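As structure tokens, the structure follows; a few thoughts come after it.
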Amino acid sequence: MNDTASTTRTKISRRRHDSLLARPEKQLLQWIARRLPGAVTPDHLTLLGLLAMAGAGAAYALQRVDASFLHLVNFCLLLNWLGDSLDGTLARVRGKLRPRYGFYVDHVLDSVGALFLMTGLALSGLTSPALAAVVLVCYLMISIDSYLAAHALGEFRLSYFRLGPTELRLLLVAGNLVAIQRPWTRVLGEPHRLFDLGGAVAAAVMALVLVVSIARNTLTLYRQERV
């Protein structure tokens, strides 16, 4: 099949979102979307999400000067949640869906936003730049696996082990609030940066998620396409 035919027959993948907060979050987003003024468009919200993530990265870098900038990080994460989560909901509520455009733009900008955030964290002094890079690579690898599965299996996963983007933002917010007062902690009597421990756990969990997802997707496709 040539590229043109493949593109023409592309099917929009079904979303699978079963995180802990998925149901109440959906209800809240729909409530907000129905009350937004008509001048606000999904593209405006998508841009807000990206700018907020850039702001969060900059605030992380500035926390090296003053730890109170971590409050600004949390505010930017709230704005990122609003923009990133509400853009698709607003399009659905208004009946103005652009599935392929929305899927592509939203997730490309998610990757750019993750780069902004982790670059700022690497510059913050809260964690080692090498560990921040590892976490970013793990995130991007999981993203790649999700996008490939969406194409090959017709299902796009937004959460793993009942954790989705919103839950991860809340964990990051909690870590920031603790780090304002106690950026270092002790494990077995040895001092460690709080975000080094959190980053190591996050990288390990994401690596496990990636391995399990690749194995499951490969097995599913193998069974569907036996020779």
Side-chain angles (χ1 to χ4, degrees), residues 17 19-21 49-64 67 69-81 83-85 106-149 156-180 182-187 190-217:
H17 191 20
S19 68
L20 294 171
L21 298 175
L50 177 64
L51 294 177
M53 200 60 99
Y60 263 135
L62 289 171
Q63 90 80 38
R64 183 183 285 271
F69 275 103
L70 290 176
H71 290 302
L72 179 57
V73 174
N74 288 345
F75 178 68
C76 288
L77 289 174
L78 173 62
L79 291 180
N80 173 259
W81 168 80
D84 187 50
S85 302
D106 192 41
H107 296 298
V108 163
L109 295 186
D110 280 349
S111 298
V112 175
L115 176 61
F116 287 155
L117 184 73
M118 298 311 298
T119 298
L121 192 55
L123 296 173
S124 69
L126 291 171
T127 188
S128 70
L131 184 55
V134 169
V135 172
L136 177 61
V137 168
C138 289
Y139 169 81
L140 294 177
M141 289 293 292
I142 289 177
S143 298
I144 291 170
D145 175 65
S146 296
Y147 306 148
L148 291 173
F156 180 61
R157 293 183 64 93
L158 289 166
S159 59
Y160 296 89
F161 300 133
R162 304 299 302 278
L163 296 178
T166 298
E167 288 79 8
L168 295 180
R169 289 188 190 94
L170 289 175
L171 288 173
L172 195 54
V173 166
N176 291 333
L177 292 176
V178 174
I180 291 173
R182 293 183 56 191
W184 289 77
T185 188
R186 286 186 172 273
V187 177
E190 296 294 327
H192 295 277
R193 285 179 289 200
L194 177 67
F195 270 70
D196 278 346
L197 295 176
V201 171
V205 171
M206 285 191 289
L208 176 61
V209 166
L210 180 62
V211 170
V212 171
S213 181
I214 290 174
R216 181 181 59 239
N217 293 338

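Every value quoted in this text rests on a predicted model; they were computed, and no experiment measured them. Quick note: residue numbers are just sequence positions, from 1.
Interatomic distance, OG of S213 versus CE of M206, reported as 13.5 Å (0.5 Å rounding). Distance CZ/R169 to CG/D84: 5.0 Å, rounded to 0.5 Å. Taking CG of L148 as the reference point, atom CZ of F156 lies at 11.0 Å (rounded to 0.5 Å). Here CG of L77 is found 11.0 Å from OG1 of T166. Values are rounded to the nearest 0.5 Å. If you take CG on L168 and OG on S159, they are separated by 10.0 Å, rounding to the nearest 0.5 Å. Summarising the geometry, atom OG belonging to S124 is positioned 10.5 Å from atom CG belonging to L62; distances are rounded to the nearest 0.5 Å.
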(Q) Evaluate V205 against L163 for side-chain contact (heavy atoms from CB on, under 4.5 Å), listing each step before the verdict. (A) CA-CA 11 Å; V205 171; L163 296 178; over 6 Å; no

Q: Carefully, step by step, assess R157 and V209 under the rule side-chain contact (heavy atoms from CB on, under 4.5 Å).
A: CA-CA 12 Å; R157 293 183 64 93; V209 166; over 6 Å; no

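E190 places no side-chain N or O within donor-acceptor distance of the main-chain N or O of V187, the cut-off being under 3.5 Å. Side-chain atoms of N80 come within 3.5 Å of backbone N or O of G49 as a donor-acceptor pair.
Between L121 and L126 the shortest side-chain heavy-atom distance falls below 4.5 Å. Using a 4.5 Å heavy-atom cutoff, the side chains of Q63 and V73 are not in contact. Proximity of L177 to H71: side-chain heavy atoms (C-beta onward) are separated by under 4.5 Å at one or more points. When side chains are defined from C-beta on, S146 counts as touching Y160, because their heavy atoms get closer than 4.5 Å. Two residues are said to be in side-chain contact when any heavy atoms from C-beta on lie closer than 4.5 Å; W81 and L170 fail this criterion.
Every side chain to side chain donor-acceptor pair (under 3.5 Å) that N74 has, sequence neighbours left out, goes to N176.
Contact record, S19 with G164: CB-N, 3.7 Å, taken as the closest heavy-atom pair. Across A61 and L123, no two heavy atoms sit closer than the pair CB-CB, 4.1 Å. The shortest heavy-atom contact between L194 and A179 is CD2-N, 4.0 Å. Contact detail for N217 and A149: the closest heavy-atom pair is ND2-CB, 3.6 Å. Between A52 and L79, the shortest heavy-atom contact is CB-CB, 3.7 Å. Nearest approach of V135 to G199, heavy atoms of both residues: CG2-O, 3.6 Å.
Taking the six-membered ring where tryptophan is involved, the planes of Y147 and H107 are tilted, since the angle between them lies from 30° to 60°.
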Hey, can you pull the donor-acceptor pairs under 3.5 Å for the side chains in residues 112-119, sequence neighbours left out?
| residue | atom | partner | partner atom | Å |
| --- | --- | --- | --- | --- |
| T119 | OG1 | L115 | O | 2.7 |

